[in-house]
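Chain letters run A, B, ... following the sequence lines, proteins first, then strands; residues in each count from 1.
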Amino acid sequence: MKPEQQLELLTPHPANVVTDEQLLEKLRQGRPLRIKYGADPSAPDLHLGHSIPLRKLKQFQELGHQVIFIIGDFTGRIGDPSGRTKTRPILTDEDIQANAQTYVEQVGQILDTDRCEIVYNSSWFSDMTTTELLNLASQYSVARMLERDDFALRLKNEVSITVLELLYPLIQAYDSVAVEADVELGGTDQLFNFLVGRDIMRSYGQEPQVVMTLPLLVGTDGKQKMSKSLGNYVGITEPPGEMFGKLMSIPDRLVFDYDRLLLDPDNKVVPTLPPNVPVDGIFKYMAQNPRDVKADLAEAVVAMYHSPEAATRAREEFDRVFAAGQQPSEMPEIVITNADLEDGRIWIIDLIMQADFGNSNSQARSLVRQNAVSINDEVITDEMAEVEVASGDVLRVGRRRFARIQIQSR
RNA sequence: GGAGGGGUGCCCGAGUGGCCAAAGGGAGCAGACUGUAAAUCUGCCGGCGAUUGCCUUCGGAGGUUCAAAUCCUCCCCCCUCCA
């Protein structure tokens with residue numbers, strides 16, 4: 001494909017590129033470009049936020065370019081002592097190996113991993129001499145480093161920054177040197193690091209990489225960026241029903257972002273709009289109930305990561321349970337043994353705890369008190385209740401937690 | 001190295017001898033209303049027991065006291081300024 005066409009394909013709206021001209025120039029060299037993507041070895045659960053850069057990588061791949069995954073095991077091994085929130089444990093080699101493997105497996109959902117180059121950055125850092133490291137450190141100034149947004153913020157808020165953290169961007173930048181990246185790709189929050197990469201590559205006599213940043217996906221809470229630790233994510237390996245439900249719970253206005261960032265051009269659920277439609281008027285323009293558009297979106301996303309059939313089923317199931325108020329067709333089982341029963345009865349709190357629907361008796365009690373607990377659609381109001389249970393009974397806690405009771409004699 | 005400020009529950013943050021399981025806010029959970037949306041209202045929000053009870057918690061370890069998050073000693077960590 002001609003370089004100009006490639007550029008057009010690669011850089012429609014979402015991407016921010018430094019710079020288009022340089023990318024075009026690289027494309028014109030007519031060789032497969034080396035596309036760098038860095039991965040954190042501590043978080044093997046990939047979610048829809050990750051899918052944005054990954055899908056872009058796939059595009060590059062389909063155009064015949066070489067994708068290089070860098071597993072940041074070196075820094076993972078050192079362990080970053082900062083984050084005074086939680087001292088994150090230093091990862092062992094086994095952890096890293098295992099994480100990297102799950103990571104690659106999950107990436108395989110989107111990309112052809114056989115055609116990716118997968119490298120560990122320890123392979124060049126563990127042999128680096130102190131002299132070399134110091135030399136690297138001398139290539140950049142503290143002032144410039146502190147320009148970084150979050151550093152500036154932490155400085156202002158009197159939160160400590162370790163020297164290691166200060167060095168982090170350099171470590172990452174050196175990765176680009178090591179793999180001779182032509183393009184580095186990631187979320188917009190990586191812009192600073194990527195730009196440091198350009199400078200460092202110049203210092204090492206290389207042609208600076210082109211930097212391509214993609215928008216971050218807002219999480220299901222509608223507030224913060226999607227991340228595993230915030231619990232507002234939709235994992236790309238989650239079961240269809242789970243995915244569908246989570247997508248239904250996003251605030252309406254996110255539909256447009258999700259549609260734009262997660263779906264392929266040929267399966268959009270939001271039509272191309274005339275230029276003067278305000279954001280809050282889009283649903284009106286579409287003449288559709290926001291809820292239905294959201295369901296279309298959820299179905300489209302599930303179809304991408306599972307199958308159209310699975311997506312349809314997830315939607316039907318969802319409608320049955322939440323619109324029609326019926327029980328889900330499948331639910332986990334809890335096994336109660338005879339030993340737990342007295343005259344075929346069990347304390348409701350015990351039952352909830354056995355089903356793992358409460359963190360503590362106190363919490364379970366409070367759920368009962370708040371009318372959140374029912375058996376076979378009959379609400380339990382008394383926290384001291386000894387309920388009679390039989391196999392096949394359905395325990396429900398809150399809106400969405402169901403379990404089928406199975407009595408087992410022992 | 002010197003001077004000062006600080007470490008409180010998931011997070012932020014008040015409390016400076018008893019009325020403190022610890023204000024307030026946020027997050028979370030549940031209920032009402034709904035469309036597993038938003039907004040709003042209500043309740044819960046350390047654990048165990050249960051109508052006023054017990055146990056564990058305020059950086060760590062000791063100590064003073066009838067009684068400590070609050071006072072004393074030592075230690076650890078963070079921040080600011082000076083060098």
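In this model, the phosphate group of B/C48 is approached by a side-chain N or O of A/Ser362 to a distance below 4.0 Å at OP1 or OP2. The phosphate of B/G49 (OP1 or OP2) has a side-chain N or O of A/Asn361 nearer than 4.0 angstrom. Side-chain nitrogen and oxygen atoms of A/Lys223 include at least one within less than 4.0 Å of the OP1 or OP2 phosphate oxygen of B/A27.
In this structure, A/Arg320 places its CZ atom 19 Å from P of B/G35, rounding to the nearest Å. At whole-Å resolution of the value, CZ in A/Arg399 and C1' in B/A32 are 12 Å apart. Distance, A/Gln326 CD to B/U36 P: 14 Å, rounded to whole Å. Taking atom CD1 on A/Ile250 and atom P on B/A38, their separation rounds to 10 Å, with Å as the unit. Rounded to an integer number of Å, the gap from CG of A/Leu230 to C1' of B/C10 is 12 Å. In this structure, A/Arg315 atom CZ and B/U36 atom P are separated by 12 Å, rounded to whole Å. Taking atom CD on A/Gln363 and atom P on B/C48, their separation rounds to 10 Å, with Å as the unit. Taking atom CD on A/Gln370 and atom C1' on B/A32, their separation rounds to 12 Å, with Å as the unit.
At a threshold of 4.0 angstrom between heavy atoms, the contacts of A/Lys246 with the nucleic acid are absent. Residue contacts shown for A/Gly398 are limited to sugar-phosphate atoms, with no base heavy atom under 4.0 Å away. Here A/Leu254 lies out of heavy-atom contact (under 4.0 Å) with every strand. Residue A/Arg253 is classed as having no contact, given no heavy-atom separation below 4.0 Å to the nucleic acid. A/Arg365 comes within 4.0 angstrom of a nucleotide base, judged by non-hydrogen atoms across all strands. If you check every strand for non-hydrogen atoms under 4.0 Å, A/Gln224 touches nothing.
The same atom, C1', is picked in B/U8 and in B/G46; the two are 14 Å apart, to the nearest Å. B/U36 and B/C55 have their C1' atoms separated by 38 Å, given to the nearest Å. B/A22 sits 8 Å from B/C58 when the C1' atoms are compared, rounded to a whole Å. Distance noted for atom P between B/C33 and B/A27: 23 Å (whole Å). Rounded to the nearest Å, the gap between the P atom of B/U64 and that of B/G4 is 29 Å. Across the C1' atoms, B/A69 and B/A14 are found 12 Å apart, a figure rounded to whole Å. B/C11 and B/U65: their P atoms are spaced 35 Å apart (whole Å). Nucleotides B/U42 and B/U51 are separated by 28 Å at their P atoms, to the nearest Å.
With sequence neighbours excluded, no residue satisfies salt bridge (Lys or Arg N to Asp or Glu O under 4.0 Å) with A/Arg198.
For the pair A/Lys294 and A/Tyr258, the cation does not sit on the ring face, since its NZ or CZ is not both under 6.0 Å from the ring centre and inside 45° of the axis.
Panel note: side chain A/Ser391, backbone A/Ile407; a donor-acceptor pair is recorded below 3.5 Å.
Projected onto RNA chain B by closest heavy-atom contact, A/Ser249 and A/Ser360 fall at different nucleotides, the more 5' of which corresponds to A/Ser249. For the pair A/Asn359 and A/Leu367, nearest-nucleotide mapping onto RNA chain B gives the more 5' position to A/Leu367.
Applying the 3.5 Å distance criterion, the base of B/G35 shares a donor-acceptor pair with the side chain of A/Asp252. Side chain A/Arg291 to base B/A38: no donor-acceptor pair is found below 3.5 Å. No hydrogens or angles were tested; on distance alone, a donor-acceptor pair under 3.5 Å links the side chain of A/Arg400 to the base of B/U36.
Base pairing annotation: B/U80 forms a Watson-Crick or G-U wobble pair with B/A3, both donor-acceptor distances under 3.5 Å. Pair assignment for B/U52 gives none, since no Watson-Crick or G-U wobble pairing has each distance under 3.5 Å. Look at B/U40: its Watson-Crick or wobble partner, with both distances under 3.5 angstrom, is B/A32. Base pairing annotation: B/C10 forms a Watson-Crick or G-U wobble pair with B/G26, both donor-acceptor distances under 3.5 Å. Nucleotide B/U73 has B/A61 as its partner under the Watson-Crick or G-U criteria, with both atom distances under 3.5 Å.
For the atom pair A/Glu242 CD and A/Arg400 CZ, the distance stands at 9.0 Å (nearest 0.5 Å). One finds the CG atom of A/Leu111 at 11.0 Å from the CD atom of A/Gln59 (value rounded to the nearest 0.5 Å).
Between the side chains of A/Asn376 and A/Arg396, no donor-acceptor pair of N or O atoms lies under 3.5 Å. Residues A/Thr237 and A/Gln109 have side chains that never bring a donor and an acceptor to within less than 3.5 angstrom of each other. A/Gln172 and A/Gln190 form a side-chain donor-acceptor contact under 3.5 Å, judged by distance and modelled atom types alone.
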